[in-house]
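Each remark here refers to the structure printed beneath this line.
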Amino acid sequence: MTIELYHHGSSVCAAKVRLCLAEKGRDWHGHYIDILKGDQFDPGYLKLNPKALVPTLVHDGRVLTESTVICEYLDEVFPDPPLKPAGPYERAVMRIWTKAVDEDLHSGPVGALTFCASHRYVLRRLPEKALEAFLGGNPDPVKRARKRRWVEQGFDGPDALGAVLAYDKFVGAMETRLAQVPWLAGQTFTLADVGAVPYIVRLDMLAMQGFWRDRPHVAEWFNRINERPSFQPAFYQWIPDDLLDDLASNGANAWPEVEAILAKG
Ligand SMILES: N[C@@H](CCC(=O)N[C@@H](CS)C(=O)NCC(=O)O)C(=O)O
């Protein structure tokens with residue numbers, strides 16, 4: 001039984017799958033796809049993942065994409081410990097959260113915030129030709145255009161406002177929920193939490209803990225997550241120190257812009 005994961009240190013979707021595998025106590029073999037250098041556009045990788053995205057899981061030679069689907073799959077093939085609630089209603093609630101992560105945060109806000117605040121500066125270190133190849137590489141024309149905007153315009157462009165507000169709304173919904181129950185789907189840690197954690201870690205890495213400054217239940221949930229044995233292996237061990245430094249320092253520089261957006265609401 002071999003598990004291979006094509007992933008990258010700063011990919012929220014890849015981190016979701018690493019966290020799931022760590023919770024399951026499963027060993028895996030990694031292929032590092034540097035999505036900030038354009039490895040995802042390699043023709044060999046495109047055969048596995050035609051959308052040029054990470055993660056891709058290969059389990060016993062069979063390929064799976066889509067991080068939320070991969071986590072559901074892993075929970076079925078490795079049911080112990082379970083990461084889905086026992087009851088059908090609670091499982092549905094869990095899926096409302098994983099769907100919200102995909103539709104409300106991953107659809108644009110996490111990329112817009114990360115690129116506008118930090119990745120645009122990291123990418124500028126690429127030689128001009130490599131940067132152009134990177135910006136032109138995405139097979140989806142809409143995503144290609146928006147990434148160019150994030151990189152070229154940052155917070156002066158049209159995307160940062162919506163991204164900050166969507167993130168704030170999501171963290172606000174978490175606060176409301178976590179004031180009632182210890183975990184997003186109810187009484188146990190589930191794929192709902194696995195799905196949300198990487199997006200909160202992203203804010204943490206961007207030194208944007210201000211998103212939960214006045215949200216004690218999110219802060220307490222995140223502290224509990226940090227103490228799980230799965231946390232370090234899933235996140236920090238995969239992020240190169242220089243990228244971590246870039247995220248923290250660029251994120252801190254961008255925080256006043258984020259705060260200004262939040263203040264206006
Ligand atoms: N729906 C996909 C989204 C995957 C995705 O957007 N991956 C990002 C990193 S989190 C990526 O590979 N980006 C590379 C690029 O945009 O060029 C999933 O959940 O796996």
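Predicted model, so just to flag it, every value in this text is computed and none were measured. Each ligand, and each atom within it, is numbered from 1 in the order the structure gives.
Protein heavy atom nearest atom 9 (C) of ligand 1, with residue, atom name and distance: Ser11 OG, 3.4 Å. Of the protein's non-hydrogen atoms, the one nearest atom 4 (C) of ligand 1 is Val54 O, 3.4 Å. For atom 1 (N) of ligand 1, the nearest protein heavy atom (residue, atom name, distance) is Glu66 OE1, 2.6 Å.
Checked for salt-bridge contact, Glu132 and Arg148 meet the test: a charged N lies under 4.0 Å from a carboxylate O.
Of all the listed residues (Lys143, His106, Arg202), His106 holds the heavy atom that lies closest to atom 5 (C) of ligand 1. With atom 13 (N) of ligand 1 as the reference point, the heavy atom nearest to it among Ile70, Thr68, Leu53, Thr65 is part of Leu53.
Side-chain contact annotation: His217 with Glu175, donor-acceptor N/O pair under 3.5 Å present. Between the side chains of His59 and Tyr73, a donor-acceptor pair is found at a separation under 3.5 Å. Between the side chains of Lys24 and Ser230, no donor-acceptor pair of N or O atoms lies under 3.5 Å.
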- request: For Tyr167 and Phe211, run ring pair (Phe, Tyr, Trp, His ring centres under 6.0 Å): C-alpha distance rounded to whole Å, both residues' side-chain angles, the deciding distance at 0.1 Å, then the answer.
  value: CA-CA 8 Å; Tyr167 238 117; Phe211 274 97; 5.8 Å; yes
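Below 30°, between 30° and 60°, or above 60°: for Phe134 and Phe41 the angle between ring planes is above 60°, a perpendicular geometry.
Under 4.0 Å from ligand 1, not a single heavy atom of Lys16 appears.
Taking every non-hydrogen atom of Val12 and a distance limit under 4.0 Å, the qualifying atoms of ligand 1 come out as 10 (S). Short contacts between ligand 1 and Pro55, defined as distances under 4.0 Å to a heavy atom of the residue, involve ligand atoms 20 (O). For ligand 1, the atoms sitting less than 4.0 Å from at least one non-hydrogen atom of Lys147 are 15 (C), 16 (O), 17 (O), numbered in the order shown with element in parentheses.
At a 3.5 angstrom cut-off on N or O pairs, Ser67 counts as close to ligand 1. Polar contact with ligand 1: present for Gln40 (N/O pair, distance under 3.5 Å).
Note on ligand 1: Lys51 sits outside its first shell, no heavy atom being nearer than 4.0 Å.
Atom CH2 in Trp221 sits 6.0 Å away from atom CG in Asp193 (nearest 0.5 Å).
Between Val101 and Thr68, the closest side-chain pair of non-hydrogen atoms is not below 4.5 Å.
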